[in-house]
Amino acid sequence: MQTAYDGHAPDASRNTRGIIAMLAAMACYITNDVFVKLASDALPTGQIIFFRGLFGTVFIAGAITLTSGLPSPRSLVHWSVILRTVCEIAATFLYLSALFRMPIANATAILQAMPLFITALAVIVLGERVGWRRWLAISVGFAGMLFVVQPGLGGFNAASLLVIAAMVAMAGRDISTRFIPAEISSQAVTLLTAFSITIAAIAFVPFETWQPMNSTLIAHLICAAVFLAGGYLFITLATRSADISAIAPFRYSILVWAFIYGVVIWGDWPNPLALFGMAIIVSSGLYVFHRERLKASDTTSD
């Protein structure tokens, strides 16, 4: 059976498209976070995840029905799809559990080690050849992230292990995505992801008291669902088509979007160190994007 990943590195033009998809995914994910944050003052976590997932599942199912038709559940029975779904659910619950027990800055700092971690996995599992320029760009981006997040050493505790476990689950999700058969569409994978997270959210029911929702809260969750669905789709497209090491540095772009939303919506201006870190992240990303554009035009190797 042919898979979307055949063991050979995608060409540079596909890497460029993967980079654009990764940037779109990060923009969608952080926009989803904004609407979730707006709803979180009135609603508990499980209720937010459930209704966001429910709205997202309906939205994705409707879009697929209008375009290509809903996939048969049997067509999604493949070990890579099942593993990806399990990893997605595990990552969601592990990361949320950690956030309840440690500062968000410290949790973010640990999680942003993922580009380095997943690039190493791509070398070991997928056999990708990663040149020194990509390693340097990822490492520089990680350094920039530390300037932005500025985690405090006192905030790291046993919950840090939950974040590390969540990062491993996310890496498993992305690596397993590369083995999904080509005939299974990214839209179908997106639908299964949204539906699975929705069902998993029911586990919160015994521990929370769900609250009534007004039209504003419903609108926030619908917007969150739309952007989360976009994040699911774009991250799937990015990891199925491009070198993991090529798109890895662009995960840091989520911090730049967080800065923009923080200023525009909440008036939170970062300090000079954070601004310096964002400049480093942007520079690192621009360098990798420039390299991939050059390779796409002249097919030189990394």
Side-chain angles (χ1 to χ4, degrees), residues 9-31 33-34 104-123 128-152 167 170-171 174 231 234-235 237-239 241-265 268-302:
D11 60 31
S13 62
R14 292 179 65 190
N15 281 343
T16 300
R17 292 194 295 270
I19 287 170
I20 294 172
M22 178 60 76
L23 288 171
M26 296 301 102
C28 285
Y29 278 139
I30 194 64
T31 305
D33 288 344
V34 168
I104 190 171
N106 291 6
T108 302
I110 297 173
L111 198 59
Q112 292 305 314
M114 187 174 171
L116 290 169
F117 179 68
I118 198 170
T119 298
L121 277 182
V123 173
E128 284 190 10
R129 294 187 298 273
V130 181
W132 66 268
R133 293 181 181 86
R134 285 185 185 172
W135 280 118
L136 180 61
I138 296 170
S139 301
V140 169
F142 180 75
M145 176 279 302
L146 291 177
F147 280 109
V148 174
V149 178
Q150 299 170 31
M167 181 180 68
M170 291 177 188
D174 289 355
F234 285 120
I235 197 72
L237 291 172
T239 51
S241 62
D243 282 340
I244 295 294
S245 57
I247 62 177
F250 295 89
R251 293 178 184 273
Y252 298 127
S253 65
I254 196 170
L255 298 176
V256 179
W257 284 109
F259 155 69
I260 295 172
Y261 280 125
V263 171
V264 173
I265 298 178
D268 295 333
W269 281 92
N271 58 36
L273 276 179
L275 290 173
F276 176 66
M278 276 181 277
I280 292 176
I281 291 170
V282 172
S283 299
S284 172
L286 288 175
Y287 171 76
V288 173
F289 188 75
H290 174 67
R291 286 280 306 168
E292 294 303 325
R293 290 295 299 273
L294 287 179
K295 293 197 316 184
S297 61
D298 61 20
T299 67
T300 56
S301 61
D302 190 11

ask   = What pair of heavy atoms forms the shortest contact from Ile138 to Ala248, and how long is it?
value = CD1-CB, 4.0 Å
task = Would you check if Phe259 and Ile281 make a side-chain contact, meaning some heavy-atom pair closer than 4.5 Å?
result = no
inquiry  = Just so I know, are the side chains of Arg251 and Ile235 near enough to count as touching, which here means a heavy-atom distance under 4.5 Å?
reply    = yes
inquiry  = What's the separation between atom CH2 in Trp257 and atom CG in Leu23, rounded to the nearest 0.5 Å?
reply    = 9.0 Å
Over all atoms of both residues, closest heavy-atom pair of Ser245 and Thr119 = CB-CG2, 3.7 Å
ask   = Between Ser283 and Ala279, is there a donor-acceptor pair closer than 3.5 Å when you use the side chain of the first and the backbone of the second?
value = yes
remark   = So CD1 of Ile254 and CG of Asp33: to nearest 0.5 Å the spacing works out to 6.0 Å
request  = Supply the atom-to-atom distance Thr239 OG1 to Asp174 CG, rounded to the nearest 0.5 angstrom.
outcome  = 5.0 Å
Neighbour count above 12 (heavy atom, 6.0 Å) for Phe147 CZ = no
ask   = Is any side-chain heavy atom of Phe142 closer than 4.5 Å to a side-chain heavy atom of Pro115?
value = no
query = Rounded to the nearest 0.5 Å, what separation is found between the CD1 atom of Ile20 and the CZ atom of Phe234?
reply = 10.5 Å
message = Nearest 0.5 angstrom please: Met26 CE to Ser253 OG, how far?
response = 6.5 Å
query = Any side-chain heavy-atom pair from Met167 and Met170 closer than 4.5 angstrom?
reply = no
query = Which pair of heavy atoms, one from Trp135 and one from Leu116, lies closest together, and at what distance?
reply = CZ3-O, 4.2 Å
message = Rounded to the nearest 0.5 Å, what separates atom CG in Leu237 from atom CD1 in Ile247?
response = 10.5 Å
task = Compare every heavy atom of Ala246 with every heavy atom of Pro249, then report the nearest pair and how far apart it is.
result = CD-O, 3.5 Å
task = Measure across Ala137 and Ser284 and return the closest heavy-atom pair with its distance rounded to 0.1 Å.
result = O-OG, 2.6 Å
task = Quick one: closest heavy-atom pair of Gly18 and Ser241, and the distance?
result = CA-OG, 4.1 Å
